[in-house]
Every structure is written in structure tokens, then in C-alpha cells.
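Remarks on the structure that follows.
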Amino acid sequence: MIKCVMIQLCKCLAGISILALHVLFCYHLFGWIATLVIVGVQLVLAGWIVWAMIRAPD
């Protein structure tokens with residue numbers, strides 16, 4: 001049980017670290033405005049995919 005929890009926590013930490021590096025990389029390449037646009041578009045697409053998966057018939 002504790003092993004599964006630790007694995008999940010490590011996966012979440014790795015995911016957050018990758019997201020932070022992605023935002024930092026976009027910031028260095030394009031600046032703040034473009035980074036906000038890129039991240040916003042990605043969040044909209046992710047939300048749409050999640051919404052489609054929830055609404056999808058089995």
C-alpha cells in the first residue's frame with residue numbers, strides 16, 4: 001500500500017516538474033505573452049479531451 005502511494009507521489013512530482021520546465025522553456029523562447037497563449041491553448045485542448053472522454057459512449 002505504501003509503495004503504491006509513494007509511486008503515485010513520485011509520478012505527480014515528476015509531472016509537475018516537467019510542466020514547470022515546459023513553461024520555463026516556452027518563456028525563454030517566446031516571452032510571457034506567447035507562453036500564456038501556448039499554455040492557454042494547451043489547457044483548452046486538454047479540457048476538451050477530458051470532456052469528450054467523459055461524454056463518450058462506452
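When reading the values below, keep in mind they use all heavy atoms of this one structure, side chains included, and skip hydrogens, waters and symmetry mates. Note that the coordinates shown come from a computational prediction; the quantities given were computed from them, not determined experimentally.
If you chain together hydrophobic residues whose side chains sit under 4.5 Å apart, I38 and L43 never meet in one group.
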Side chains of residues 5-25: which donor-acceptor pairs under 3.5 Å do they make with residues two or more places apart or in other chains?
from, atom 1, to, atom 2, distance (Å)
S17, OG, L13, O, 2.9
H22, NE2, Q42, OE1, 3.2
H22, NE2, Q42, NE2, 3.4

Exercise answer: donor-acceptor pairs, residues 46-54 side-chain atoms, under 3.5 Å, sequence neighbours excluded:
none

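Identified under the side-chain hydrogen bond (donor to acceptor under 3.5 Å, both in side chains) test for residues 27-36, with sequence neighbours left out: none.
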